4 protein chains.
Amino acid sequence: MNVQLHDCFGKKEAVLKSTLSLVGKQGFHGTPMSQIAKNAGVAAGTIYHYFPSKGALISELYIYVKDRMAKAIIDGDDPSKSYKERFFAVMVSQYRFYVENPDSMNFLEQYINSPYAQEYAHLESQLFVEKVITFFKYGIENAYFKNIDPRLLAPTIRGTLVAAASFQLSQHMLFSDEDINEVVSIIWDGIKRQ
Amino acid sequence: MNVQLHDCFGKKEAVLKSTLSLVGKQGFHGTPMSQIAKNAGVAAGTIYHYFPSKGALISELYIYVKDRMAKAIIDGDDPSKSYKERFFAVMVSQYRFYVENPDSMNFLEQYINSPYAQEYAHLESQLFVEKVITFFKYGIENAYFKNIDPRLLAPTIRGTLVAAASFQLSQHMLFSDEDINEVVSIIWDGIKRQ
Amino acid sequence: MNVQLHDCFGKKEAVLKSTLSLVGKQGFHGTPMSQIAKNAGVAAGTIYHYFPSKGALISELYIYVKDRMAKAIIDGDDPSKSYKERFFAVMVSQYRFYVENPDSMNFLEQYINSPYAQEYAHLESQLFVEKVITFFKYGIENAYFKNIDPRLLAPTIRGTLVAAASFQLSQHMLFSDEDINEVVSIIWDGIKRQ
Amino acid sequence: MNVQLHDCFGKKEAVLKSTLSLVGKQGFHGTPMSQIAKNAGVAAGTIYHYFPSKGALISELYIYVKDRMAKAIIDGDDPSKSYKERFFAVMVSQYRFYVENPDSMNFLEQYINSPYAQEYAHLESQLFVEKVITFFKYGIENAYFKNIDPRLLAPTIRGTLVAAASFQLSQHMLFSDEDINEVVSIIWDGIKRQ
DNA sequence: AATGAATGAGTCTTCATTCAT
DNA sequence: GATGAATGAAGACTCATTCAT
């Protein structure tokens, strides 16, 4: 009985997780709704109770994943530290999120370059905007960074972190804290005001 | 009529260009072979004389595009200059290639995150490897850069350039030479040995 | 709340009316049970307390509508008048019923040409048979009409009235009493013993 | 070989005939495209080479059937005879068309009361308009008929003929020439100028 | 009685690929 | 080489119906 209470959003979340796991590996087109359903343990029609279409499911998953990433990123932030220290901590958190959630990383990379991102361009994780983007804006406004348009900053950072995380995953390597710091310093040195 | 004689490779290239243009705008899945054929002015069956499958067509197009990009990049290189100057020139060339060939940029970004890239992982532009990768390796070996794995370098660079080019294209802006230099310096400052 | 007590047949009738309104506009196939339920203000499952299936709902609605039409038709009948006068009055009533209840007219026309009519051929409005058919039979037996099989009479009459009513509705016209009389005289002149 | 020449429209016409036969018996909704294909001896996808959608197939079939009916109707017309004789001949031809092509009759009746008729309202058999409607207009303009709007005339006539043809078919009766004349005289007496 | 989440068979439609001409 | 009609497997999505609450 109590399980039910905890489970009241169970099917919707099961569908989201199923989609994330499959799309991360097979791509949008390679992942039929029927497989998503089977993998989630629900009937194909059930998906359509929660999401009006495959596109809507994908775009809602985008918010879902971005929210989780934002939480993971912000978790490592300690506002009492210096901005540079905070920046490094935030970057390390994002890097770790990618490495620990490769499906999420693959999904996000695919989403960004897909027609869904255009069609559902108005949908964005509020948490990510409020916390992460705000954090970067602070760095820009307080002249820690070069005078870069903030819309350029985000993909630049993402590109480097994704490249490093993909590399680590594909090589089945373990990166030491120092290795990760090295990666983040590529970003920091690139964008910091010299 | 005589044109046909001179045109003996015309159809193959027409198919490649048609594919590039359509996939750049609509994505792989959004671009049926029938549309590629019509857009190229050939019959659907004709494509299969030149390419055994859609996947093979896509992956051959990848080589084709990467070759053209390599040519564009190397074109601006003057080995008599300093490495830093050469690096900046090469980056600016790549940036310009993206801005002037948005279909190519979109295609490459999609390809990299698609199942095709895994399936045809063994196929790579020889020209790009020989010229561009070699150029970067030189920089690493001669200690112009931080001690970064070269496989990490390429996507890091690509990420920043694509981000900037996409941004320029989406905003319908014109970037001055100085703006572009600013972008490249993000890369340079990030990876150069401090 | 008390309304519910008076309303004990309310839901069943709400479903019937909801179905009539939607099917009249969208057709049987264009009207899902879920929409019928929502439009009636009940849950989808509730419909199945009152009707074992969609087909049964449709066929019961047929009886319901035919009953209401029979009442409207007979209402205008004054047995003390001449048969011809009564015939005209009855026809005018039916015509008016169609114009005032276009959903009912559309529903009936669709029903007659649908598989439901065959499947539920045994179901017919008793009121319509007893009152309206009987009235026509009287006309045949008393030689007011040509020697027409009564089963031919009904659709002939219906065809002309529906044609005229549809025409009026589609043109957003108002027909005067004289116009309507003209229509009925097409029927009368066609079937009366010359 | 010669067969092929005669067969060059074979598949398209096979699909039309298959659709007519199935929809006449099962209704639009009761007839899946897959069954139409199998019944026509073609693959499901083949239908979509000739018709962009089920709705387009249905509406093109409407033109096809109406054209054939118009031909059958006009075939029996002899312009040298009196208008009344011609009218009776034309009506008898239409009646016979219905009886000999019940699938066509059923299809037309369903089409008229379906959403397709609204959606594709702009499509009509040119042959029917030019020949049959023109013939009726002549009767109106030359005062053979009551002063009825011609848009009312057509469905009135259709209604009576369909009623009689359906009745004959459902009873498995044979109507003598005299019986059919009786039916037509219902129409004629109804609409002729008294 | 009433609910509405869940089901899954069935529908229309797409599209990579083949092959007779 | 070139064509494009034909194929049919596979996909997204719908909806009548059920059943636990």
Side-chain angles (χ1 to χ4, degrees), chain A residues 1 4 8 10-12 15 28-38 41-57, chain B residues 4 7-8 10-12 28-38 41-58, chain C residues 4 7-8 10-12 28-38 41-58, chain D residues 1 4 8 10-12 15 28-38 41-57:
Chain A
M1 278 296 186
Q4 286 307 96
C8 61
K11 301 219 172 183
K12 184 169 184 178
V15 169
F28 298 125
H29 177 225
T31 307
M33 294 295 263
S34 54
Q35 197 186 9
I36 292 173
K38 182 180 284 183
V42 304
T46 302
I47 299 179
Y48 290 86
H49 271 284
Y50 297 107
F51 309 97
S53 68
K54 189 176 186 178
L57 162 59
Chain B
Q4 285 306 97
D7 229 14
C8 57
K11 300 215 172 183
K12 182 167 186 180
F28 298 125
H29 179 224
T31 305
M33 294 293 264
S34 57
Q35 198 186 8
I36 291 173
K38 181 182 282 183
V42 304
T46 303
I47 299 179
Y48 289 84
H49 278 290
Y50 297 110
F51 308 97
S53 70
K54 190 177 186 180
L57 162 59
I58 297 289
Chain C
Q4 285 306 98
D7 229 15
C8 58
K11 300 216 171 182
K12 182 168 186 178
F28 298 124
H29 177 224
T31 306
M33 295 292 265
S34 56
Q35 197 186 9
I36 291 173
K38 181 182 284 184
V42 304
T46 303
I47 299 180
Y48 289 85
H49 277 290
Y50 297 110
F51 309 96
S53 71
K54 189 175 187 180
L57 162 59
I58 297 289
Chain D
M1 278 297 185
Q4 288 304 98
C8 59
K11 301 220 170 178
K12 183 169 186 177
V15 170
F28 298 125
H29 177 223
T31 307
M33 295 294 264
S34 55
Q35 196 186 9
I36 291 173
K38 182 180 283 184
V42 303
T46 302
I47 299 179
Y48 289 85
H49 271 284
Y50 297 109
F51 310 96
S53 68
K54 189 175 187 180
L57 163 59

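In what follows, chains carry the letters A, B, and so on, assigned in the order in which the sequence lines appear, proteins first and then strands, with residues in each chain numbered from 1. Because the structure is predicted, anything quoted here is derived from the model rather than measured.
Under 4.0 angstrom from either OP1 or OP2 of dA2(F) there lies no side-chain N or O belonging to K12(B). For dC15(E), the OP1/OP2 oxygens have no side-chain nitrogen or oxygen of S34(B) closer than 4.0 Å. Here K11(A) does not reach the OP1 or OP2 of dG4(E): none of its side-chain N or O atoms lies under 4.0 Å away. Taking 4.0 angstrom as the limit, Y48(B) places none of its side-chain polar atoms (N or O) nearer than this to OP1 or OP2 of dC19(E).
For the atom pair CG of L57(B) and NZ of K12(B), the computed distance is 9.5 Å after rounding to the nearest 0.5 Å.
In this structure, NZ of K38(D) is placed 14 Å from P of dT7(F), rounded to the nearest angstrom. For the pair F51(A) CZ and dA6(E) P, the interatomic distance rounds to 12 Å; values are reported in whole Å. Straight-line distance from the CD1 atom of I47(C) to the P atom of dT3(E): 10 Å, rounded to whole Å. To the nearest angstrom, C1' of dT14(F) lies 15 Å from CD1 of I36(C). One can place CG of L57(C) at 12 Å from C1' of dA16(F), the figure rounded to the nearest angstrom. Whole-Å rounding puts the Q35(C) CD to dT14(F) P distance at 13 Å.
Of the candidate nucleotides dT17(F), dG4(F), dT7(F), dT17(F) has the atom nearest to the side chain of M33(C). The side chain of T46(A) sits closest to dA6(E) out of dA6(E), dT17(F), dA6(F). Checked against dG8(F), dA6(E), dT11(E), the side chain of P32(D) finds its nearest nucleotide in dT11(E). In the set dA6(E), dT3(F), dA5(F), dA5(F) carries the atom at the smallest distance from any side-chain atom of Y50(D). Here the side chain of K54(D) is nearest to one of dT3(E), dT17(E), dC12(E), namely dC12(E). Each of dT3(E), dC15(F), dT7(E) was ranked by its minimum atom distance to the side chain of V42(A); first place goes to dT7(E).
With hydrogens and angles ignored, the 3.5 Å screen pairs no side-chain donor or acceptor of K11(A) with any backbone N or O of Y50(A).
Mapping T31(C) and G45(D) onto DNA chain F by nearest heavy atom places G45(D) closer to the 5' end of the strand. Annotation: of the two residues near DNA chain E, G41(A) and A44(D), the 5′-most nearest-nucleotide partner is G41(A). Judged by closest nucleotide on DNA chain F, H49(D) is the one of S53(A) and H49(D) placed further toward the 5' end.
Shown here are the side chain to side chain donor-acceptor pair (under 3.5 Å) partners of T31(C), two or more places apart in sequence or in another chain: Q26(C).
When all heavy atoms of K54(B) and F28(B) are compared, the pair lying nearest together is NZ-O, 3.1 Å.
The strand DNA chain F forms stems, runs of 3 or more Watson-Crick or G-U wobble pairs with distances below 3.5 Å, at E:2-21 with F:2-21.
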